[in-house]
Amino acid sequence: MAERPLQFLNPDGQLIEKSPVDLDRAVALYRDMVLARVYDKKGVALQKQGRLATYAPFEGQEAAQVASAATLEQGDWMVPSYREPAAMWMHGYPMELLIATRRGTELGGSPPDDVRVLPVSIPVGSHMLHAVGLAWAERLRGTDRVAITYFGDGATSEGDFHEAMNFAGVLNAGCIFFCQNNGWAISLPREEQTAAETIAHKAVGYGMPGVLVDGNDALAVYEATRTAVERARSGAGPTLIEAQTYRMGPHSTADDPGRYRSPDATEEWRTRDPVERLRRYLADQGSWTPEWQAELEQDGSALVEQAVVTAETLPTFRPEEMFDGMFAELPPGIAAQRAEAGAI
Amino acid sequence: MAERPLQFLNPDGQLIEKSPVDLDRAVALYRDMVLARVYDKKGVALQKQGRLATYAPFEGQEAAQVASAATLEQGDWMVPSYREPAAMWMHGYPMELLIATRRGTELGGSPPDDVRVLPVSIPVGSHMLHAVGLAWAERLRGTDRVAITYFGDGATSEGDFHEAMNFAGVLNAGCIFFCQNNGWAISLPREEQTAAETIAHKAVGYGMPGVLVDGNDALAVYEATRTAVERARSGAGPTLIEAQTYRMGPHSTADDPGRYRSPDATEEWRTRDPVERLRRYLADQGSWTPEWQAELEQDGSALVEQAVVTAETLPTFRPEEMFDGMFAELPPGIAAQRAEAGAI
Amino acid sequence: MASRTLAQAITLALDNALGRSDDIIVLGEDVGRTGGVFRITDGLRAKHGAHRVVDTPLAESGIVGTALGLAVAGMRPVVELQFMGFSYPAFDQIISHVARMRHRTRHRFTVPMVIRIPYGGGIGAAEHHSESTETIYAHIPGLKVVVPSRPADAAGMLRAAIEDPDPVIFLEPIRMYRSVKEEVPDDSPPARLDTSTVERLGSDITLVSWGAMMKETREAAEKLAASGVSAEVVDLRCLAPMNVDTLAASVRKTGRAVVIHEAPRSAGLGAEVIASLQEHCAYDLEAPVARVTGWDTVIPLKMAEHHYLPSTERIVTTAERVLAS
Amino acid sequence: MASRTLAQAITLALDNALGRSDDIIVLGEDVGRTGGVFRITDGLRAKHGAHRVVDTPLAESGIVGTALGLAVAGMRPVVELQFMGFSYPAFDQIISHVARMRHRTRHRFTVPMVIRIPYGGGIGAAEHHSESTETIYAHIPGLKVVVPSRPADAAGMLRAAIEDPDPVIFLEPIRMYRSVKEEVPDDSPPARLDTSTVERLGSDITLVSWGAMMKETREAAEKLAASGVSAEVVDLRCLAPMNVDTLAASVRKTGRAVVIHEAPRSAGLGAEVIASLQEHCAYDLEAPVARVTGWDTVIPLKMAEHHYLPSTERIVTTAERVLAS
Ligand SMILES: Cc1ncc(C[n+]2csc(CCOP(=O)(O)OP(=O)(O)O)c2C)c(N)n1
Ligand SMILES: Cc1ncc(C[n+]2csc(CCOP(=O)(O)OP(=O)(O)O)c2C)c(N)n1
Ligand SMILES: [Mg+2]
Ligand SMILES: [Mg+2]
């Protein structure tokens, strides 16, 4: 078990080891991370304006999401929790549907047929098992597709995390368990969530590799995930990745972090910001200019704005759909209720 | 993490390290282990005669149960599963009540007031949490009492095992997790239960020590448990003990091991028999004679017979008790049903 | 066609399904090597392979959650949970995901899964082995909950459940596994999963039940017949979504009814039967519908179990009381 | 005495209980530092100590199972589960152990535990945050299930629940937390946990509900009054073990009833109310008891939630229909 997280870029954006990716890839990651930050800012703003019902900010976690999702191939499965919009759209989930979900409509839960991303999962810890089943199914079908699942530090305390890890180990499933340890589960700090030295250590109990990675270093996240994906794809089995990062904002727009943590820790983490870190690296490589940054932000804003407009002009969820959505074929008893509801 | 299990007596009963216990203790353990074997034989026989509704044999696991329970003090808590009658009576649970439970009557579930042993728990993996709560309560009360909980290799796959271990780690609870890894969970071999190298390795994920012990070596079991109990009592926290042993008989009297395992493995384990091993050691020490053995078996049989008689002459569970047992005070609705049942 | 027990009919249906499609995968604790605690999957692993009849680790939530992943990927998992009392660790997966995935994704991801759950008392088992909490599952939108009470129907219902595009909780009455035999085709066509069956025609009173309690219900009808009472017997079969058309038609005819179940009375499924009848045919009722049920207590262990489970006698007496009122 | 919201009344009751006995320990996710997602335990950690108001790891089964150990050892744990939809991972602990320990041990070991569960829709929350599955808990023998609908009652009921020697599921209607205020004593005496309350006298029809739906039920009674219908309003309060004496007395008087709940209709607790009324006063009923409930569907997210939750209008219309029949 590595005691120090995998890192390529130090907090100042200096390369401390040979980069595992070429510059093009680093540039692409940066572009998506800027988009992620633009999206997140927009999400917080929309919620303040009452245009979203709920929102779970992920500022600070852009590298963990973008760089991990970038390692996947079309056809691989993604099973997210609720704080990974960037990972989800990276893998094809339409941004407008993510916004739709947050607006409080069922329309957000249904990605296009060729998108293999499950919708947001709310019950903490419950969804990792689904990834195990998906990966297992691919093996049974003889494909080399893998499944990645995202979850937080808090989720590792749920029994279902344990069962998922254990099933994956026993089945040798092609599954990547990607833990975004952002230091907090609402108000509970990581130290009180578990007495384990690191979350990566938990892999020992399931006979799988546990990889600790600096979650704010996009290059490290990419490399760790790429390795795990390759391992899974080759049939060698699952990996647990702990990406150490930080939730810079509140848990949700209803949360007030001032109640449980000091702003100092947050400010300390700001010096390790994943976007700024990658920016410095690119700047050092001569691959970043202020003009390009402005362009990225403008393009990102335009994209997000467009997604918001699309989300806000989606058709409304009609009451009949409540009933029609339950089964492939409407059972008689529910049909009667549908009629009753229609008559009201 | 130790790669080899703690062992003092090799399978031939030879001391390979200085004994951790004096001869008196070894003699006492042997006496109780012979009693355990007598009890187990009787249990199987009674079930065959239709005098027990169910029975879960534990031949081969006598050292694991007797020597671990022998380390406890009065006032410590024990939270068993369903295959530890010997551990239970070692800690004061009346043998006749254990038989009563197996006969299929509620009367078995209620130990005397000074006995801090919870009754048999059937839902696999669910009861370890109770031990964590008990240990925590003792700390809150300012005592140094500890809680030990018994469970099998199969139980470690349940989510509740994980939650119990994690809570114990975080609370630093004075709790001993005693896993009798008897190689099988009904028909599932340990290797398919988890991909972990050993069950003891699972302790890593909770920041607690994991101790591997030869579960058929009474001296090793005693020493490992004594150390864990001391650790718990001193406030230093929980320990996971994996006692490697073997279920020589069927899972229950309804099970047919011939369907899933070869008799060879069982015979191989017979050479590591815990009772015979300790006998040889005592014989080497001049502390065992055939006459004493005969006496032990006779005394044991008499004790067990007496317990059977007591169990079989307990008052019957009256139908009213069904209702009266539900709450401290009979609620009106249930009182009505009680009357209705009485009228039938 | 051969004479088969309910257990054999279920085994046969599983065997046929495994033979019919490679998408079917049977999984659960001890279902492989040893053929399950009730030997329902006996022989299937040898015949269809260890990758299709899978012994899982001991974790019910894990089994169901993993099976959900299989199902979303297009497989058709048939899960066995050993006893209803051990379905509870999987409850969150069932209610929060299995039942909701279709709705959550507007038909994009679906869960064609069967969860087989042996249930009910009367076998003198240890605690937690005699549960009958069908109403809990019946209350969850998005699940179909069905229970056979005859071998031939069991085979057809299980086939239909496996072929159903939605999750089906398939309850199996333990004490009927080997207590009845009837002719069961070697390959049953799928049975309806949204209807009830009138098993016996009668004109004075309707007795309605499901699963294991059908035995005592049938016996009660016999006894009543002996004393000149013509009881109609309805096997509800499909508990959710419930379709009371057949039952209501029966009650419209007889004007009286008794509903029988072994679960505790309060908030049991009998209450839904009564409420539904009241909504469908209140004005045809000549007397209140009566319930013969388990009590609002824990079901006792072997030696006192008979004090709990509804007896034929209790059904007869209650029917007579209803007839007298 | 001061004017307090339901949330404040609950906070006060917890505060008083913690002050009264060192055996009380409040535990759950985020109950300490941040005072819980609804701020119900706000300030209690600072006042009573981090060892008595405990932030636990994120694991509901772990919380309840550990609390059971505390209770058996003589403590009086008061558990908070954040939302009813997150009570399901603890379901096995609740049904298999919390509800049964007394029975299993014939009063030797008992579980004086309160499990507080905020429940119900109408707050525009994310999926799983609007559940109302009270009937599931009400079906489990060995549990008391109660739900207040007024601040003063909430304080008294919570006190009684905490002092009760048996496990109590204490449901808290989320959308009422801060929507009503009334005078609540600084230290409420314990309230009864086995009775219902007639809130408003009437002679034409009985409206019975509980928890959050009492708001619409009260409004419906007002509206009906405006059109000359005298509706009696019963707050069921204590869902299990259910005591319908008060309700039956009301229905005997009015001859008509509507039961209102937000849970799905099928196998919901309204069915039990109907079945019980039928057993207690069938011959006093002048019309079938009607149900106004949530549908047998998943409750929609914010934008469509109003299509699901029973409205005042639906209650009024249904009552009028019952009155006309
Ligand atoms: C089973 C369950 N319990 C409780 C909650 C309420 N809840 C939502 S998020 C959260 C904290 C999750 O923390 P973590 O897993 O670290 O993820 P993060 O929010 O930090 O991304 C809690 C307790 C829930 N959604 N599901
Ligand atoms: C939750 C639950 N699932 C399934 C069962 C059925 N069952 C009883 S014992 C057992 C195997 C347990 O194996 P292990 O934990 O190794 O203990 P052992 O029986 O070997 O002592 C199973 C599956 C149960 N009792 N509880
Ligand atoms: Mg977190
Ligand atoms: Mg075992």
Side-chain angles (χ1 to χ4, degrees), chain B residues 52-54 56 82 100-109 119-126 152-161 185-189 192-194 251-252 254-261 316-326 331 333-334 337-338 340-341 344, chain C residues 29-39 42-43 45 50 54-63 65 82-83 85-90 92-93 123-129 264-266 291-308 310-311 313-314 317-318:
Chain B
L52 299 184
T54 56
Y82 49 82
T101 296
R102 289 294 175 187
R103 293 185 73 224
T105 163
E106 279 64 19
L107 301 180
V120 159
S121 176
I122 302 284
V124 169
S126 63
D153 43 307
T156 66
S157 290
E158 288 281 2
D160 275 4
F161 161 77
I186 307 188
S187 68
L188 198 73
E192 293 185 34
Q193 194 66 250
T194 176
H251 170 76
S252 73
D255 177 45
D256 169 14
R259 299 174 77 95
Y260 53 80
R261 70 186 190 188
T316 45
F317 181 78
R318 289 164 298 114
E320 309 87 81
E321 292 184 77
M322 236 181 345
F323 302 97
D324 299 342
M326 296 309 297
I334 301 190
Q337 290 192 5
R338 187 183 193 272
E340 187 184 333
I344 294 169
Chain C
E29 294 157 14
D30 306 294
V31 297
R33 293 176 179 80
T34 197
V37 283
F38 292 107
R39 305 284 180 260
D42 194 20
R45 174 167 152 135
V54 182
D55 280 328
T56 65
L58 207 177
E60 292 75 12
S61 188
I63 296 168
Q82 292 195 336
F83 287 86
F86 309 138
S87 70
Y88 307 138
D92 185 45
Q93 284 294 334
I123 55 160
E127 201 189 344
H128 309 282
H129 288 73
R265 179 174 304 168
S266 289
R291 293 189 274 189
V292 180
T293 67
W295 310 113
D296 289 353
T297 70
V298 174
I299 178 170
L301 300 175
K302 183 177 184 183
M303 293 174 68
E305 210 176 358
H306 58 285
H307 293 308
Y308 178 94
S311 62
E313 205 43 49
R314 265 173 75 195
T317 320
T318 306

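A, B, ... follow the sequence lines: proteins, then strands. Residue 1 opens every chain. Quick caveat, the model's predicted, so the values are computed rather than measured.
C/E60 touches chain B through backbone and side chain together, each having a heavy atom under 4.5 Å away. Contacts between B/I186 and chain C at a heavy-atom distance below 4.5 Å involve backbone atoms as well as side-chain atoms. The contact between B/T54 and chain C is made entirely by side chain atoms (from C-beta outward), counting heavy-atom distances below 4.5 Å. Neither the backbone nor the side chain of C/R45 comes within contact range of chain B; no heavy atoms are under 4.5 Å apart. If you measure heavy-atom distances from B/P189 to chain C, the contacts under 4.5 Å come from the side chain alone. Contact of B/R338 with chain C is not made at all, since no heavy-atom distance falls under 4.5 Å. Proximity to chain B is limited to the backbone of C/T56, based on heavy atoms less than 4.5 angstrom apart. Residue contact with chain B, scored on non-hydrogen atoms closer than 4.5 Å, involves the backbone and the side chain of C/Y308 alike.
Minimum heavy-atom separation, C/T34 to B/R259: O-NE, 3.2 Å. The two residues B/I122 and C/H129 come nearest to each other via the heavy atoms CG2-CE1, 3.3 Å. Scanning all heavy atoms of the two residues, the minimum distance from C/L58 to B/A185 falls at CD1-CB, 4.3 Å. When all heavy atoms of C/D30 and B/L188 are compared, the closest pair comes out as OD1-N, 3.8 Å. A pairwise comparison of heavy atoms in B/E106 and C/P300 identifies OE2-CA, 3.1 Å as the closest pair. Residues C/K302 and B/A53 come closest through the heavy atom pair CD-CB, 3.5 Å.
Separation of atoms CG (C/D296) and CZ (B/F323) is listed at 8.5 Å; rounding is to 0.5 Å. The structure places CZ of C/F86 at 8.5 Å from OG of B/S126, a figure rounded to the nearest 0.5 Å. Atoms OG and CD, on C/S266 and B/Q337 in that order, are 5.5 Å from each other to the nearest 0.5 Å.
Ranked by non-hydrogen atom pairs under 4.5 Å with chain C, the options B/D160, B/T194, B/T105 are led by B/T105. Taking chain C as the reference chain and counting heavy-atom pairs below 4.5 Å, the highest number among B/S187, B/G325, B/A341, B/G333 is found for B/S187. Taking chain B as the reference chain and counting heavy-atom pairs below 4.5 Å, the highest number among C/I299, C/T297, C/V298 is found for C/T297.
Side-chain atoms of B/E192 never come within 3.5 Å of backbone atoms of C/P57 as a donor-acceptor pair (strictly under, hydrogens ignored).
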Candidate pair C/H307 and B/E320, rule side chain to side chain contact (heavy atoms under 4.5 Å, CB included), full reasoning: CA-CA 9 Å; C/H307 293 308; B/E320 309 87 81; over 6 Å; no
Under the side chain to side chain contact (heavy atoms under 4.5 Å, CB included) rule, what do C/W295 and B/M322 come out as? Steps first, then yes or no, please. CA-CA 9 Å; C/W295 310 113; B/M322 236 181 345; 3.6 Å; yes
